[in-house]
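Quick notes on the structure that follows.
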Amino acid sequence: CLAHAVGKLLGREGWNRHDALTGAVAPDLHIATQIANVLQHHLPSPSRLENPNLHLPQKPYIVFNLAASNTYKRWPVENFARLAQNLKTKNFNIVLVGLAQDQNLADEFKNYFRDKVWNLIGQTSLSDLIYVISQSSLVISNDTSSIHVAVALKKPSLCLTGGGQFGMFADYGYQNLNRWVYKKTHCFCDNWRCGRSLKNQPSPCLAAITFLEAERELESLLPQIKN
């Protein structure tokens, strides 16, 4: 959880989502903005990777995080792969990040994306993740720590997000750089009640986001990218 990672950066092991929501940091800001503000002031500034076994592609590259804390918060992997395929034709290399438990998502991604991919899933510390994102051209992800780090670093980002807790964890940052793709369905802002009974499938609000909608938002974001 990014909140716990921020707590470690501050030397406050107990700092978590509840502290942010109850005003332990700044009561007038929602948690995502609070975390981004904390990260901007306390992020380490690594000049290289800590893990000598990690190898990044030549720039420009784009970071994908296919995971989320629950399966119902994940946009379909096939759609991410289609975005990656389009970006590959524009000479971007593709890097995957995530936790070790997300390795199955990388395997699924490779079923659809047949070009070379740099798979760093399960191999990055927080410091390494920050470095990888800082050197990237763009981050594309579900609502994960990667997106919030990108916002804090003022890096372009495209987030596919549901509406379960919309406004608390999404739709903030720099308007020209940080894009949030979402659909207001009947279950919007229901605290994810619509997804908790689902098994291995996205919630209705995430499932409603089409590939073409995400592609259009990505195309409008590309001019902001500095390779």
Side-chain angles (χ1 to χ4, degrees), residues 1-6 8-9 17 31-40 42-46 49-51 54 56-57 59-71 73-77 79-81 83-84 87 92-106 108-109 113 117-162 165 168-174 177-182 202 206 214 217-218 221 224-225:
C1 175
L2 184 60
H4 291 292
V6 171
K8 289 183 179 180
L9 289 174
R17 179 184 303 179
I31 184 171
T33 302
Q34 292 182 47
I35 289 175
N37 289 345
V38 171
L39 287 174
Q40 284 177 336
H42 296 276
L43 275 179
S45 300
L49 291 167
E50 289 182 342
N51 185 343
L54 291 184
L56 289 172
K59 297 179 182 179
Y61 67 81
I62 292 177
V63 172
F64 280 77
N65 191 327
L66 311 172
S69 56
N70 298 98
T71 57
K73 297 181 181 181
R74 296 175 185 167
W75 200 49
V77 171
N79 288 343
F80 281 114
L83 291 179
L87 290 165
F92 289 101
N93 287 313
I94 304 302
V95 174
L96 302 182
V97 297
L99 302 176
Q101 66 203 44
D102 304 324
Q103 194 60 241
N104 63 307
L105 299 176
E108 183 180 353
F109 182 87
F113 184 79
V117 59
W118 277 259
N119 181 10
L120 304 186
I121 290 178
Q123 302 179 60
T124 57
S125 63
L126 177 59
S127 178
D128 281 340
L129 176 65
I130 293 167
Y131 180 81
V132 169
I133 290 175
S134 73
Q135 299 301 302
S136 71
S137 296
L138 169 68
V139 176
I140 300 177
S141 177
N142 298 301
D143 181 5
T144 68
S145 59
S146 300
I147 285 293
H148 302 301
V149 169
V151 174
L153 293 175
K154 298 185 180 180
K155 300 295 291 188
S157 64
L158 181 72
C159 182
L160 292 305
T161 185
Q165 295 167 320
M168 185 182 296
F169 303 99
D171 203 23
Y172 76 106
Y174 304 90
L177 294 177
N178 309 121
R179 307 293 177 84
W180 307 84
V181 184
Y182 56 91
L206 263 176
E217 195 66 38
L218 175 59
L221 179 60
Q224 305 296 328
I225 292 176

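Position 1 is the first residue of the sequence; numbering continues from there.
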Flag side-chain contact, heavy atom, 4.5 Å: [X] against [Y]:
{"X": "I140", "Y": "L87", "result": "yes"}
{"X": "I147", "Y": "N178", "result": "no"}
{"X": "Y61", "Y": "Q135", "result": "yes"}
{"X": "W75", "Y": "V181", "result": "no"}

Answer yes or no: is there a donor N or O on one side and an acceptor on the other, between the side chain of [X] and the main chain of [Y], under 3.5 Å?
{"X": "S141", "Y": "N65", "value": "yes"}
{"X": "D143", "Y": "R74", "value": "no"}
{"X": "K155", "Y": "V139", "value": "no"}

I need the minimum non-hydrogen distance between [X] and [Y], along with the two atoms involved.
{"X": "F113", "Y": "A81", "answer": "CD1-O, 3.9 Å"}
{"X": "Q123", "Y": "N51", "answer": "O-ND2, 3.4 Å"}
{"X": "P60", "Y": "S137", "answer": "CB-OG, 3.4 Å"}
{"X": "L206", "Y": "T161", "answer": "CD2-C, 3.7 Å"}
{"X": "I121", "Y": "A106", "answer": "CD1-CB, 3.6 Å"}

How long is the gap from [atom1] on [X] to [atom2] on [Y], to the nearest 0.5 Å?
{"X": "S136", "Y": "L56", "atom1": "OG", "atom2": "CG", "answer": "9.5 Å"}
{"X": "L158", "Y": "L177", "atom1": "CG", "atom2": "CG", "answer": "12.5 Å"}
{"X": "R179", "Y": "S157", "atom1": "CZ", "atom2": "OG", "answer": "9.5 Å"}
{"X": "L66", "Y": "N79", "atom1": "CG", "atom2": "CG", "answer": "11.5 Å"}
{"X": "D128", "Y": "S125", "atom1": "CG", "atom2": "OG", "answer": "3.5 Å"}
{"X": "L83", "Y": "E217", "atom1": "CG", "atom2": "CD", "answer": "11.5 Å"}

What orientation do F64 and F109 show, parallel under 30°, tilted 30 to 60°, or perpendicular over 60°?
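F64 and F109: tilted rings.
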Would you give me the side-chain donor-acceptor pairs under 3.5 Å for residues 93-105, sequence neighbours excluded?
from : atom 1 : to   : atom 2 : distance (Å)
N93  : OD1    : K88  : NZ     : 3.0
N93  : ND2    : Q58  : O      : 3.0
D102 : OD2    : L99  : N      : 2.9
Q103 : OE1    : N119 : ND2    : 2.6

Pick out which of V132, L120, T124 makes a side-chain contact (heavy atoms from CB on, under 4.5 Å) with L49.
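Testing each of V132, L120, T124 against L49, the sole residue satisfying side-chain contact (heavy atoms from CB on, under 4.5 Å) is V132.
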